[in-house]
Amino acid sequence: MTVEATKHFRQECSTTQPHQHLPRLNEFVGKVMSSTRQQNYAGPLLFFDKSRLLDNYRHFRTVLPHIDIHYAVKCLPDKDVLKTLFKAGSRFEIASKGELALLLSMGVNPQQILYSNPIKSPAYIHYAAQQGVEWYAIDSLDELHKIAAIKADAKLYLRIHTSNKGSLWPLEGKFGAHQNDIEEILITASTRNINLLGVTFHVGSQCLNPDNWRKGIISAKHVFVQMEKLGLKPQLLNIGGGFPVNISKNSPSIEEIANIINQEIKNLSPDISVVAEPGRYLVASAGCLVCRVVGTATRSGQRWLYLDSGVYTGLMEMAKGFPYPIVSERKGLFSDWNIAGPTCDSIDVCRKKAQLPSDLHSDDFIYILSAGAYTVCCASNFNGFKKPKLVFLDNIPKAIEI
């Protein structure tokens with residue numbers, strides 16, 4: 001990374017990254033920049049560092065030592081990523097038949113897989129049951145009856161509504177049983193001898209409000225009390241995902257979140273196992289999306305920067321407000337740019353008034369940090385533009401670093 005690029009990188013990240021992590025980030029971006037120059041660039045690249053993934057995994061285990069990790073496969077369902085986590089000891093959470101088949105092809109024990117999608121097709125439930133999956137999420141009486149009819153001995157955990165305040169993507173409207181639903185579900189499970197054994201909740205994706213975990217665990221404890229009164233025997237507390245990658249000043253640290261969780265679970269019955277489903281926290285900071293400027297334009301005094309990656313090709317979350325740090329190697333003073341993707345669709349606009357060097361032009365590379373989650377897996381080839389290609393930094397000869 002050039003001296004000027006480093007200066008701009010520090011300026012870009014000074015308000016979005018903890019200062020103690022800046023040298024390591026400089027090293028990571030420097031390696032990505034050098035590795036980009038080694039590639040025969042033909043479209044967007046997601047550079048991924050498995051050593052950073054393992055660091056994140058180990059740190060999560062350190063601060064939450066009493067919680068089993070079930071990686072949320074949907075974040076980055078790449079086989080090499082999954083194998084890396086599997087070898088490190090991770091278990092997994094799935095949402096579909098396809099994700100299950102991928103894990104089974106690696107030799108993952110189906111009994112250690114959580115099927116946490118609250119609504120599943122009968123065909124997918126049949127397949128999971130045949131493969132030996134035991135644990136299934138529900139959040140409605142309809143799903144309880146559906147699973148019980150297909151797999152009578154299934155182990156169920158009830159997803160309850162909890163606060164998603166402060167999350168970039170609240171999920172509480174689409175899923176989660178409310179109190180009036182919960183009572184009927186518990187009574188039905190008890191009277192029909194259905195194995196309803198756990199409770200789960202989700203605080204929302206990229207949750208910036210640690211208190212959501214406190215509220216969710218407290219609500220789960222209340223449900224456990226209701227379960228016990230009906231003769232049901234709680235065995236599982238699943239605190240879900242939502243653990244944020246630290247990319248802004250208001251992002252809570254994993255230590256801050258862990259302190260709350262550890263305090264709330266310390267008095268749980270020893271019969272209740274506690275699990276979590278981190279996804280973004282594990283993979284996001286291990287990835288850097290590299291794309292290229294295809295053109296610039298000025299209209300009515302507004303400057304537009306068109307990239308070869310956009311809403312359809314990896315940057316869906318940027319368009320929804322996810323504050324990815326963006327780095328370039330240009331030296332100009334920072335100015336406002338509207339960032340757009342390469343397609344002819346008018347919704348392919350990623351960010352308005354992004355602060356980037358004023359002298360950017362066609363063929364420049366743009367480096368988007370903390371892009372390891374929901375980029376490659378949410379991309380398409382719409383309009384004939386290429387999805388990002390996943391490239392592992394570990395497989396590239398040692399690059400020149402800062």
Side-chain angles (χ1 to χ4, degrees), residues 44 46 48 50 53 57 68-88 90-140 142-143 146-147 149-151 154-157 159 169 171 174-175 200 202 205 238 240-242 275-284 286-287 289 311-317 371-382 386-392:
L46 178 65
F48 194 86
K50 286 185 278 190
L53 168 67
Y57 175 81
D68 289 329
I69 296 175
H70 287 252
Y71 169 66
V73 175
K74 59 182 171 289
C75 278
L76 183 58
D78 176 80
K79 200 163 188 176
D80 283 340
V81 171
L82 298 176
K83 285 181 177 178
T84 300
L85 288 168
F86 187 34
K87 289 178 181 177
S90 180
R91 299 178 180 184
F92 299 94
E93 177 268 322
I94 63 168
S96 71
K97 176 182 177 180
E99 291 178 353
L100 174 56
L102 181 58
L103 294 176
L104 294 175
S105 73
M106 296 165 39
V108 175
N109 182 352
Q111 295 179 356
Q112 297 180 348
I113 296 173
L114 300 176
Y115 201 152
S116 286
N117 190 340
I119 306 295
K120 301 161 284 295
S121 73
Y124 280 20
I125 297 169
H126 274 292
Y127 176 79
Q130 290 167 358
Q131 299 303 319
V133 176
E134 296 183 343
W135 288 94
Y136 302 82
I138 65 167
D139 73 345
S140 67
D142 308 70
E143 194 75 1
K146 187 198 300 179
I147 296 176
I150 296 171
K151 183 173 173 58
K155 298 176 180 179
L156 307 182
Y157 48 107
R159 180 159 168 174
W169 289 280
L171 306 173
K174 186 175 182 180
F175 299 118
T200 187
H202 201 297
S205 187
N238 181 350
V275 304
E277 300 173 353
R280 189 190 304 277
Y281 174 82
L282 297 179
V283 298
L289 182 65
V311 172
Y312 293 99
T313 46
L315 296 178
M316 176 189 70
E317 289 198 318
Y374 302 112
T375 47
V376 172
C377 60
C378 291
S380 73
N381 292 320
F382 174 65
K386 291 185 177 181
K387 296 190 293 185
K389 177 184 176 183
L390 186 59
V391 179
F392 291 99

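In this text, all values refer to a predicted model and were calculated from it rather than measured experimentally.
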Check the pair Val376 / Asp78 against side-chain contact (heavy atoms from CB on, under 4.5 Å), numbers first and verdict last. CA-CA 9 Å; Val376 172; Asp78 176 80; over 6 Å; no
Can you name the ring pair (Phe, Tyr, Trp, His ring centres under 6.0 Å) partners of Phe86, sequence neighbours left out? none
Could you tell me which non-hydrogen atom of Ala72 sits nearest to which non-hydrogen atom of Gly279, and how far apart they are? CB-CA, 4.2 Å
By side-chain hydrogen bond (donor to acceptor under 3.5 Å, both in side chains), which residues pair with Lys146, not counting sequence neighbours? Glu143
Using the ring of each side chain (for Trp, its six-membered ring), is Phe392 parallel, tilted or perpendicular to Phe48, with breaks at 30° and 60°? perpendicular
Closest non-hydrogen contact found for Ala373 with Val283 is CB-CG2, 3.8 Å
Measure the shortest side-chain to side-chain distance between Leu282 and Leu53 over non-hydrogen atoms and say whether it is less than 4.5 angstrom. yes
For the residue pair Tyr71 and Phe92, does the interplanar ring angle fall in the parallel (under 30°), tilted (30 to 60°) or perpendicular (over 60°) class? perpendicular
Heavy-atom pair with the smallest gap, counting every atom of Thr200 and Tyr157: CG2-CD1, 3.6 Å
List for me each residue that meets salt bridge (Lys or Arg N to Asp or Glu O under 4.0 Å) alongside Arg280, sequence neighbours excluded, and say none if there are none. Glu317
At their closest point, which heavy atom of Val108 faces which heavy atom of Leu104, and how far apart are they? O-CD2, 3.9 Å
What pairs with Tyr57 under ring pair (Phe, Tyr, Trp, His ring centres under 6.0 Å), at least two apart in sequence or on another chain? none
Hey, could you give me the CH2/NE2 distance between Trp135 and His70, rounded to the nearest 0.5 Å? 9.5 Å
Under the side-chain hydrogen bond (donor to acceptor under 3.5 Å, both in side chains) test, residues paired with Glu277 that sit two or more places apart: Ser116, Asn238
With sequence neighbours excluded, give me every salt bridge (charged side-chain N to carboxylate O under 4.0 Å, His left out) pair touching residues 93-107. Lys74-Glu93
Which distance, rounded to the nearest 0.5 Å, do you find between the NZ of Lys151 and the CG of Leu156? 10.0 Å
With sequence neighbours excluded, residues passing side-chain contact (heavy atoms from CB on, under 4.5 Å) with Val133: Leu100, Pro110, Tyr115, Ala128, Tyr136
Residues which pass ring pair (Phe, Tyr, Trp, His ring centres under 6.0 Å) with Tyr281, listed by chain and number, not counting sequence neighbours: Phe60
Reported CD1-to-CZ distance for the pair Ile138 and Arg159, which is rounded to 0.5 angstrom: 12.5 Å
The reported gap from CG in Asp80 to CG in Leu85 (rounded to nearest 0.5 angstrom) is 11.0 Å
Salt bridge (charged side-chain N to carboxylate O under 4.0 Å, His left out): pairs with one or both residues in residues 125-140, sequence neighbours excluded: Glu134-Lys155
As an exercise, state the distance from CG of Asp142 to CD1 of Ile147, rounded to the nearest 0.5 Å. 11.0 Å
Only counting residues at least two apart or in another chain, list the ones meeting side-chain hydrogen bond (donor to acceptor under 3.5 Å, both in side chains) with Lys387. none
pair Pro388-Thr375: side-chain heavy atoms closer than 4.5 Å: no
List the residues meeting side-chain contact (heavy atoms from CB on, under 4.5 Å) with Lys79, not counting sequence neighbours, and say none if there are none. Lys83, Leu102, Ser105, Met106
List the atom of Ala137, the atom of Lys120, and the distance in Å for their closest heavy-atom pair. O-NZ, 2.6 Å
Verdict with reasoning, Tyr124 to Ile150, per side-chain contact (heavy atoms from CB on, under 4.5 Å): CA-CA 11 Å; Tyr124 280 20; Ile150 296 171; over 6 Å; no
Taking every heavy atom of Leu46 against every heavy atom of Ala371, the minimum-distance pair comes out as CD1-O, 3.5 Å
